[in-house]
Amino acid sequence: MEISYILNELAEERDDYFRAIAPPIMQTSNFAFSKVADLRNAFADEYSTWLYSRGLNPTVDILRKKLAALDGAEDCLVFNSGAAAIFAAVLANVKAGDHIVSVKNPYTWAQRTFDVILKRFQVTTTYVDGTDTDNFRKAIQPNTTLIYLESPNSWFLDLQDLPAVAALAKQHNLITICDNSYCTPLYQQPIAMGIDLVLQSATKYIGGHSDTVAGVLSGSSTIMARIFNSEYMTVGSGIQPFNAWLLIRGLRTLPARLERIDRSTREVLQFLKTQPRIEKVCFPLDPGFPQYKLAQRQMKGACGLVTFYLKAQSAATIEAFCESLKHILMAVSWGGHESLILPKCAGMQPGEFNPSDPAHRSLRLYVGLEDPAYLVADIAAALEAISHLS
Ligand SMILES: *Cc1c(COP(=O)(O)O)cnc(C)c1O
């Protein structure tokens with residue numbers, strides 16, 4: 001299916017709503033029935049009809065069909081956050097006593113799910129360096145049920161070889177989940193590479209305007225129906241119609257935004273690489289990136305997030321750099337219109353900073369939709385502002 005068709009036409013039954021170009025926001029909690037038999041059927045199979053908006057809703061369904069098609073998946077569910085999508089996907093595939101193999105440093109709240117919540121139910125997790133597929137194989141135990149991936153990682157940007165891990169998981173009958181937030185389905189297609197469940201934080205590029213929190217989970221109709229009837233309905237973490245409408249609107253411009261950000265990121269990257277104060281720059285599609293060949297093989301593109309390492313003897317220097325930026329905002333998240341900076345040392349207690357650990361000196365830059373020259377000038381001025389600091 002062509003991306004233009006998915007984004008502009010798929011699932012939009014305009015005869016049902018006055019031929020309006022923009023779909024209506026079906027802001028209703030419940031749906032009326034005229035026959036008891038129809039209501040009975042709806043109770044028996046809530047995943048096939050509109051009964052109550054904690055389950056299915058027409059505006060959300062338009063979005064679901066588009067997102068599933070983009071992922072090349074049979075079905076998808078949309079949640080009120082990426083974290084909720086992670087939680088449902090993981091919870092649906094473990095029981096007490098099971099074991100998970102996860103790539104190291106997954107998204108913070110995925111790690112909290114493993115280390116804090118699932119631990120209470122005797123589910124254990126082994127974290128592995130995912131740059132070598134063999135590490136996943138070595139970590140598999142008789143009670144392993146699940147392999148959890150995030151490629152590229154949203155901070156250090158390291159990749160996992162998705163077809164290779166998917167093949168390994170199939171040999172051992174394990175479910176694979178991949179967080180695809182960095183690439184979006186436009187730049188990476190984990191399902192086509194054999195991954196079972198793919199998720200993304202729609203807060204990032206799908207919404208694209210820093211005004212909505214949401215998450216997407218895609219997979220086979222069998223798995224998705226199972227998740228709908230258990231985790232999705234019981235936790236009640238589905239997306240609301242208005243937020244679904246904002247995401248449909250975000251999808252219209254997704255390819256245009258990614259293309260623009262891709263071009264700008266390369267310009268900013270070239271500038272960063274020439275700066276003596278910057279020790280190292282990480283970007284998956286940069287020829288100097290250690291997994292460049294793998295990135296070229298499994299990703300159609302990359303954009304937005306760049307991690308770089310500042311030469312600094314103290315956290316104060318990094319803080320001064322961030323606070324000297326006039327246009328690039330200091331905030332979490334990414335994928336919106338605005339460029340952002342996030343220093344690793346913000347997550348550390350004063351005194352914990354160790355300049356000989358490069359990770360402590362790392363900063364994550366998100367390149368948004370501004371003119372790249374405007375961003376480069378801002379970074380250049382902030383580097384100038386710290387030139388007298390060691
Ligand atoms: C933001 C993010 C999430 C969580 O999504 P929310 O929408 O914030 O709940 C998950 N994974 C990655 C890689 C993220 O960047």
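Because the structure is predicted, anything quoted here is derived from the model rather than measured. Indexing begins at 1, ligand by ligand and atom by atom, following the structure's order. When reading the values below, keep in mind they use all heavy atoms of this one structure, side chains included, and skip hydrogens, waters and symmetry mates.
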Output the list of atoms in ligand 1 that are nearer than 4.0 Å to some heavy atom of [X], sorted by atom number.
{"X": "Ala83", "answer": "4 (C), 5 (O), 6 (P), 9 (O)"}
{"X": "Thr203", "answer": "6 (P), 7 (O)"}
{"X": "Ser201", "answer": "1 (C), 2 (C), 3 (C), 4 (C), 5 (O), 6 (P), 7 (O)"}
{"X": "Asp179", "answer": "10 (C), 11 (N), 12 (C), 13 (C)"}

Practice problem: Kindly determine whether Tyr127 and Asp115 satisfy side-chain contact (heavy atoms from CB on, under 4.5 Å), including the steps that lead there. | Solution: CA-CA 11 Å; Tyr127 296 99; Asp115 295 350; 2.7 Å; yes
Quiz item: Do Phe79 and Ile177 belong to the same hydrophobic cluster, where Ile, Leu, Val, Met, Phe, Trp and Tyr are linked whenever their side-chain heavy atoms lie under 4.5 Å apart, directly or via other members?
Solution: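 In one cluster with Phe79: Ile177, yes.
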Self-check item: Same apolar cluster (I L V M F W Y, side chains within < 4.5 Å links), Leu70/Val60
Solution: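 In one cluster: yes.
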Just to be sure I read this right, does ligand 1 sit under 4.0 Å from the backbone of [X], its side chain, both, or neither, counting only heavy atoms?
{"X": "Ala110", "value": "neither"}
{"X": "Ser181", "value": "side chain"}
{"X": "Trp334", "value": "side chain"}
{"X": "Glu150", "value": "side chain"}

Self-check item: Within the 6.0 Å centroid threshold, strictly below: Phe87 and Trp109
Solution: no
Quiz item: Is a side-chain N or O of Arg137 found less than 3.5 angstrom from the main chain of Leu168, in a donor-acceptor match?
Solution: no
Quiz item: Is the backbone N or O of His327 less than 3.5 Å from a side-chain atom of Asp378, with the two atoms forming a donor-acceptor pair by type?
Solution: yes
Practice problem: Report the C-alpha distance between Arg266 and Asp262 in whole Å, list the side-chain angles of each, state the deciding distance to 0.1 Å, and finish with yes or no for salt bridge (charged side-chain N to carboxylate O under 4.0 Å, His left out). | Solution: CA-CA 6 Å; Arg266 284 163 199 276; Asp262 175 15; 2.7 Å; yes
Quiz item: So is Ala214 in contact with ligand 1, going by heavy-atom distances below 4.0 Å?
Solution: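 True for this residue.
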Practice problem: Looking only at protein heavy atoms, identify the closest one to atom 6 (P) of ligand 1 and say how far it is in Å. | Solution: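 In this structure, atom 6 (P) of ligand 1 has Gly82 N, 3.3 Å as its nearest protein heavy atom.
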Quiz item: In the protein, what heavy atom is nearest to atom 14 (C) of ligand 1, and what distance, to one decimal place, separates them?
Solution: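 Scanning the protein heavy atoms, the shortest distance from atom 14 (C) of ligand 1 goes to Lys204 NZ, 2.9 Å.
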Exercise. Say whether Ile86, considering both its backbone and side-chain N or O atoms, lies within less than 3.5 Å of an N or O atom on ligand 1.
Key: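 No.
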Exercise. Test Asp286 against Tyr292 for side-chain contact (heavy atoms from CB on, under 4.5 Å), laying out the working first.
Key: CA-CA 7 Å; Asp286 178 60; Tyr292 176 59; 5.8 Å; no
Quiz item: Can you find a side-chain donor-acceptor pair between Tyr47 and Asp75 that sits under 3.5 Å?
Solution: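 Yes - a donor-acceptor pair under 3.5 Å links their side chains.
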Quiz prompt | Closest to atom 8 (O) of ligand 1 (judged by heavy-atom distance), picking from Trp155, Trp109, Tyr182, Tyr107 | solution = Tyr107
